[in-house]
Amino acid sequence: MTSKMLQFVSTGKAMPNKRKAENRVADFDEIYDEFDVTSAEQQAGRCSQCGVPFCQINCPLHNNIPDWLMLTAEGRLEEAYRLSSQTNNMPEICGRICPQDRLCEGSCVIEKGFESVTIGAVEKHITETAFEQGWVKPVSPSVERAESVGIIGAGPAGMAAAEMLRQKGYQVTIYDRYDRAGGLLIYGIPGFKLEKHVVERRQKLLEDGGVTFKLNTDIGVDVSFEEIRAAHDAVLVATGVYKARDIAAPGVGLGGIVPALDYLTASNRKSLGDEVPLFDCGALNAEGKDVVVIGGGDTAMDCVRTAIRQKAKSVSCLYRRDRANMPGSQREVANAEEEGVEFKWLSAPQAFIGETDVRAVQAQRIHLGQPDATGRQVPQVIEGSSHELPADLVIKALGFDPEDMPKMFGHDDLTVTKWGTLTINWQTMMTSLPGVFAAGDIVRGASLVVWGVRDGRDAAEQIDQWIVAGATSAVASAASA
Amino acid sequence: MSNNHLKSVFESSTYLARRKRNEALLSDAGVYGPAFEHDACGVGFVASIDGKPRRAVVDAAIEALQAIWHRGAVDADGMTGDGAGIHIEIPRDFFIEHIARTGHDDDGGRLAVGMVFLPRTDFDAQERCRCIVEQEILADGHSIYGWRQVPVDVTALGDKASATRPEIEQIMFSMPADLSEADAERSLYVVRRRIEKAVIAELISDFYICSLSSRSIIYKGMFLAEQVTAFFPDLNDQRFVSSFAVYHQRYSTNTMPTWKLAQPFRVLAHNGEINTIRGNQNWMTCHEDRMASDMFGDAVEDLKPVIAKGSSDSAALDAVFELMCHGGRDLPMVKTMMIPEAVDVSADSDLAKLYAYCNAVMEPWDGPAAIAAYANDWVIGGMDRNGLRPMRYTVTSDGLLIAGSETGMVVVPDTRVVERGRLGPGEMIGVNLASGELLKDRDLKQAMIKRRDWGKWIGRSRQMDSILAKSSGKTPDRIPAADARRRQFMAGWTMEDMELILQPMAETGKEAVGSMGDDTPLAVLSNRYRGLHHFFRQNFSQVTNPPIDSLRERHVMTLRTRLGNLGNILDEAAEQCDHLLLQSPMLTVPEWAAMSAYLGKSAALIDCTFDVDVEDGSDSFTEALGRIAMEAEEAVRSGCEHVMLSDRATSHTRAPLPMILATGAVHSHLVRQQLRTFASVNVATGECLDVHHFAVLIGVGATTVNAYVAEEAIAERHERGLLPKLTLPEAVANYRKAVEDGLLKIMSKMGISVLSSYRGGYNFEALGLSRSLVAQFFPPMTSRVSGLGLTGIAARVTEMHHEAYASEDIYLPVGGFFRYRRSGERHAFDGQIIHAMQNACDTGSYESWKKYSRMVNEQGPVNLRDLLDFKTGGTSVAIENVQSITSIRQRLVSPGISLGALSPEAHETLSVAMNRIGAKSDSGEGGEDPARFRLRENGDNASSAIKQIASGRFGVTAEYLNNCKEIEIKVAQGAKPGEGGQLPGIKVNALIARLRHSTPGVTLISPPPHHDIYSIEDLAQLIYDLKQINPDAKVCVKLVASTGIGTIAAGVAKAKADTILVSGHGGGTGASPQSSIKHAGLPWEMGLSEVHQVLTMNDLRSKVVLRTDGGLKTGRDVVMAAMLGADEYGIGTSALIAMGCIMVRQCHSNTCPVGVCTQRDDLRAKFEGTPEKVVQLFTHIAEEVREILASLGFTSLEQIIGRTDLLSQVSRGDAALDDLDLNPILVQVEGGDAGVSARDMPRTEVPDTLDALMVEDASTALEHGAKMQLSYNVENTQRAIGTRLSSHIVRRFGMTGLREDHISVRLRGSAGQSMGAFATQGLRLDVIGDANDYVGKGLSGGTIVVRPSAAASFIAHENTIIGNTVLYGATSGKLFAAGQAGERFCVRNSGATAIVEGAGTNACEYMTGGTVVILGEVGNNFGAGMTGGMAFIYDAAGSFIDCANPDSLEINRISSAHWAAKLKALVIEHQRQTDSALASRLLNEWDTELPKFWQVVPTEIVPMLEHPISDDHTGDGAAESA
């Protein structure tokens, strides 16, 4: 066994072929090719098979990474898929969009000096092979249960929970206000990171497994929250967070200053062939424009790279900290730079200049001071460093906050935290309302897809326990009555 | 004077009372018992070859006893010996005189005398004993003359011996004159057994009959050997004449003087230890069922039990010897049967057939044994199969045969010597006193071979091979995949088991190797399902007996299994050979099927599953156990000879009983019903996967094992293409080979060679199993802390069954037992804990440390100590008043991790850090760069304060040993106790090779035992040697926790060790078989507490420092260890983690990605550890210790050492357990000497040897460097001559500061053991006479010459001149000996040049360097595991090729002028140094003799030689057919 493993001492790290920047900016297709079988095996064989696998420890899903790497290296992909799918409901998606450099690969013990094992790419290879080979099957519960669960939100958390609950035999309905399932996977993340057919494939699998999707259903508008509660034995709220954070600066109301998600959704819809008037009129199209994106997270990275593909005249990214301190993935920054994005580190917008539409961003230079209580260095403005950046499209990618959930759902007893996220008991995943559970960004605030999957799985487990306990106590009370 | 002082305070009655209470206390706790006692000793005999009695025989024996005191031990009181004695003929004249004094006349009958120990202080009991003795003698028809009080001089005794002294009397009586001697002796044997049983029935202790005979008498007692005549003045009486004398000096690990355990016993005196004693005793009980003999008739019942309860191994051996001798076999045959030599009994030789018969009768009694025995006109000396004890003999011109543990014990001038020889492995020498013949081994065996047509008898056995060949070839259907997976799931198998354990076995035929220690919870503390085999910890041998190398010494081991009922051991008949013979106990599926078909109705198949659907599952589980035992009984009673237990019937309604439990139930039930010898017990089990599981099944009584699900899994993997290039039968054969090699390894750990003696021997410690369960199903085992019982097991098995059938698709869980997985077993070091600790050490933040230690404390129980807590309630003290961090840190140790495992950077970082805080680091095995012995420019000291000396002796030179404060003898290692090691060639780079005196790239092997420690007195000798080579250093002995370790530790303390280290099972390793890491050894908590208590009880605790290690992590652990008795605390894995280790657990792969445990340059560059981080770790721990001490109200660690009363058990583990009771480890003996710390005391000194004088006489040379010549007479009691002098030389002049022969010492006589040990360059020792074992041990450049005197009349090269294990671990220097060497010549030599004229078995084993010339025959297994150096053998007899172990060797005739010239030069030098007649002759006839030489070169180094081995460059011209 080991003869195929521990090869990091002699085999260098290699990613799947990445398309050349000049080619890939011409379309919205994914930028990485697939590993061929040989290189997947070789790269998987670089794993050190650690006694304490930090990759697994630091993976929110605790994927059994060393094990499926070993199976891949030995050419046992079917087993690898089975193992990988035991802990993850959408490994092909995580393999594509997880910031591995901050999770598994960033924890890989050979990272220091040998560069980590290409875990994400192997994960994608395993699952894509599984799809090709027909190993991926819809869930088929061995027993059907009468109880039903309603899930609000068809994003990663909702879909993961749906699959787990269906596996246990529950009747599952997913509601989503959008016309497509997938949440941010479908409209938030650009196709060059995650092609849309990948998301649709998962939706279809769930449908084939007996999960009902009710799309275009906005809770609180099209149907009341109480109706949903009444219709199901338990409800999972997995709506995500959609309220864009804004910036307080002079001129922020000018035309041409748009929220990131509007911009990305327009682009994604366009790629999916939808009619998008705001794009067609140019309001959400970067073509020929000087684009400035404000923010340093993964959403900002998605925006700048989308703008490049829309053939912007120039694209720059303004972020108040430096490269080392940005929250987004380093790998994405590198990709963006290759594609022609200019990063303005340690810069913060001071004002937006223009008449009706924005013409330029006035920015200031920043100095990073002493670390604060959280350990992050505090940004301090350098006096007299104001300068102007030309801009006719400014995209605000400053993060997301929850919408006003109690108001939306018309239920004041649904309690929220000071950040607006739903309060839950982390042991039971239940909100303040009995039988109403919550998972994903609406609980944690904007976070990673992989955390959404994890929460969805945890919530499914808790919902099952709650329903089973309820049934047992119902029987017990019926018996005693 | 000091003795008088002691006497004045010694109060014998209070001592005895306290001692008895303490013994009872500890034996209840399971940590002390007579069965734990080990002894070893000096032994020997003298015989008059013509069989005529003479005084000279008795005188010689007394003289010999006075020259073996150093092989015995002295108690803490400085006077009490462990026992000595002498067995001689009854001097008739002497007793007739005494009979006359009683007022009787000699009635002309056969005079018989009983030597009896009576209770001394209880007169009532004394009188009752006398009555019983008289009654039984009279009842047998003899007439009594009377009792004689034997005169003794009690001033020759120590206090304790005196306090326990029995009343010693002789009963003299007359037997009918017409009784033959043999009949008389047999009837007296029966009489004695009746007396013994009658006394036991009256509940009288302290009664013992040394001898009851009409022929011979035994004088023995608890005095030092040299006091034998002082204590028994009788022996000085010149009328004591005898044709033989067997004598013995005992060294016991325990110190309670036990008079009856002094030797000789009735037949034999034994030096060594019976490793198979547990199996032998159990089987003896079974044999008793069928024992019958015309000679005994009905009296045979009086002989049972043959082995008295509480017998030592030697006493048990003697009891069976005695039975067999009286049963009609002569003494040489009994020895041959019970202590056979290592012969492949399947071979087609007469000798093989003789042994095949012996095998069919009785399981061998296996273990180190040199015996001297007397019975039925025979006096013999005999040796075990491995030749693990010395026995030298001299035949004199006046007709005496003098044999014993050492040469020179009886001084015989060379002119009177006819022959000087030695006994090789399995050999005997004997004198038939009736016929007056001296018979050598070959003669004795020829006589036995001729006695019967053994070949014809053996021909009645059936071989498995033939049955398999004849079978129809029909094998059971394959198990469907899903069904197989369910069975695997139920057995707790995981994907990890399949990939990490099963796959390598099937693919390569080898067991998987892992590294680092076991940090998972003990099975009983785990909250997951753990197979029952996890509750059995493998036993292993340490100190008192050696483990065996099952790879390099495979020829002494066998797995042969005979199937069928066992016969009457007293019989000698052809029917005893009616067996089915298997090559091993492992049966494949086709073999099981073929065997079942062959056995037909003689086999009964018993279903070992139970119904899970019954309302209360546990009931049906217990009922099923009862049912299978009953079914087995009924089957056997109705005539079945084979019980076949199987769990194949497992289904969705029936779950398998754990097969270990089922086997135990059937085996123990059949034993209780006295039916076990009537049937074999065969098991087919789905749960069995790994080697350890097989070992447990066989250990609890299974005859054969068939692991059909494992085989199914192999078949399934084969189908999937996971075993490419193999056919399925090949893959199964690989698996079988791995299992068989693994079984051999597990047996070899115990020093057991033969499977039949291992089977049913319960060589395990039950850890975490309910006491009552163990008592019921595994009766001879003990389970100290109790734990999981039947109910719990039933619940767990049922639950696993339920889960296995819960869904349609069942997949194995991913695992996590060997390597951490989130969903698997807990590990004490998980990712968060590693990070937290590294953070605390990197930043130095004590807050971070507390966070870390909280995480450790809250992670759930992993170790026994996690169930304990400190008792609160004391008044806390201010932390300022507690001893300083500095002084606490000095008690911390970084344990031995070799350079070779660790990178040089990591190894030096540890040493520097520990030296900075005034604490000790341990070099580990593998030497240390001498450059590190000097301070660095910045003042740092990278020299380890403790230098380890392990079995490989790598890099152990005089210089190394002189650069330390302490020398640690590593007897065992926690991760693989009882096993050796191997440093693969890839890790041997230039530096490692230089330090280990070997060749880069060539594999280095550490043997399982120290070849100079086969026994406790050998350990004492090594300690003596080390205290000579370093006059300042303390000596530490590292042991691993096991049952009985307390008793061993007492022996070690008596061997004058200063420190005893008790390692836990969790200790780390650079590479070990996974089954050893996981299943051998006990937690240190158990070992430490046992050692502390037993030492305290024996007044030895204050003489040693106790240290412990094995998974200590926090201040809390240190305080726990202190309360359990430790003075010092080793912290290994944590220290590695502080330096950057992240538990990748690939140490064995040389791919450590953080540069800690690798020798690759690119990876070493990744090392980021610093001494500061290590210092920080130890500082944090010390700070935490202070906090805890303050909170408990103590100001120093000293105050709490051994204070188990400060601990209480706060958790009793899982609710499903019957009980988990840690009281046995919290037990405290009363009184004793605890509270005195040996840490601050100087080391325990050893007596001076000749060197005291030599150093004085050589002062001119030592002070001014002038050349000198000295001359002395020597005796065998003067040991380690030249060693202390070498210490002076190396300290003054360094390793090469003096030229060769600068100080020349001439010695006349027989030099004691370890002559020239660690002798350095500049010293020449020139012995005229002979020398004992261990000549030139660790030779470091000195020259040693041994030759007979010119006046000797014998032919030098036909005689033995130096003993066993010569030049063990030598690194440089020269040895010339004009005569033969004993066994294990030049083992682990890495640089010395040696020439001898013949050698015993295992010569040049594990050799890695140097040149050896042997001008004569060698014994078996020459050059096993030899990976370096070169040997030349003069093979006039043409026998060499048969004796060599060719696995790693190229053996050629000499065909290179270069090497021929080199050889000739060496022979010339040998002739010049020794005047060897043989060398002279060879040189005269050189051209005709040269072709009779062989050149032996290890294959691995052939390409690296400076000169090719052949001048014929065209190719392989050197090879000549052998």
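Order of the sequence lines fixes the chain letters, A, B, ..., with proteins taken first and strands second; residue numbering starts at 1 for each chain. If you're wondering where the values come from, they're calculated on a predicted model, not measured in any experiment.
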task: Consider only side-chain N and O atoms of B:S515 and B:H1148, and report whether a donor and an acceptor are under 3.5 Å apart.
output: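 The answer is yes; a qualifying pair exists.
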message: I'd like to check the side chain to side chain contact (heavy atoms under 4.5 Å, CB included) partners of B:A906; sequence neighbours left out, ordered by chain and number.
response: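 Side chain to side chain contact (heavy atoms under 4.5 Å, CB included) check on B:A906 returns B:L902, B:S903, B:M1139, B:V1156, B:F1167.
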Does a side-chain N-to-carboxylate-O contact under 4.0 Å join [X] and [Y]?
{"X": "B:R1145", "Y": "B:D519", "value": "yes"}
{"X": "B:K1078", "Y": "B:D690", "value": "no"}
{"X": "A:R166", "Y": "A:E144", "value": "yes"}
{"X": "B:R826", "Y": "B:D830", "value": "no"}

field: Contacts with chain B made by residues 52-62 of chain A (heavy-atom distance under 4.5 Å), listed by residue number
entry: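 So far as heavy atoms go, A:V52, A:P53, A:F54, A:Q56, A:I57, A:H62 are the residues that approach chain B to under 4.5 Å.
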When the side chains of residues 713-722 of chain B are checked against the rest of the protein, which donor-acceptor pairs come out under 3.5 Å, sequence neighbours left out?
residue: B:E716; atom: OE2; partner: B:R720; partner atom: NE; Å: 3.2
residue: B:R717; atom: NE; partner: B:Q503; partner atom: OE1; Å: 2.7
residue: B:R717; atom: NH1; partner: B:E499; partner atom: OE2; Å: 3.3
residue: B:R717; atom: NH2; partner: B:E499; partner atom: OE1; Å: 2.9
residue: B:R717; atom: NH2; partner: B:E499; partner atom: OE2; Å: 3.1
residue: B:R717; atom: NH2; partner: B:Q503; partner atom: OE1; Å: 3.1
residue: B:H718; atom: NE2; partner: B:L726; partner atom: O; Å: 2.7
residue: B:H718; atom: NE2; partner: B:L728; partner atom: N; Å: 3.3
residue: B:E719; atom: OE2; partner: B:R478; partner atom: NH1; Å: 2.9
residue: B:E719; atom: OE2; partner: B:R478; partner atom: NH2; Å: 3.4
residue: B:R720; atom: NH1; partner: A:E79; partner atom: OE1; Å: 3.0
residue: B:R720; atom: NH1; partner: A:E79; partner atom: OE2; Å: 2.3

message: Can you tell me which portion of B:F829 sits under 4.5 Å from chain A's heavy atoms? Options are side chain, backbone, both or neither.
response: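 Interface part for B:F829: backbone (N, CA, C, O).
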query: When you measure from the centre of the six-membered ring of A:F8, is the NZ or CZ of A:K13 under 6.0 Å away and within 45° of the axis?
result: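 No; the conditions do not both hold, so A:K13 does not lie above the ring face of A:F8.
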field: Distance-minimising heavy-atom pair for A:R145 and A:Q171
entry: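 The answer is O-NE2, 2.9 Å.
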query: Quick one: which residues of residues 836-845 of chain B reach chain A at under 4.5 angstrom, heavy atoms only?
result: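 Within residues 836-845 of chain B, no residue comes under 4.5 Å from chain A.
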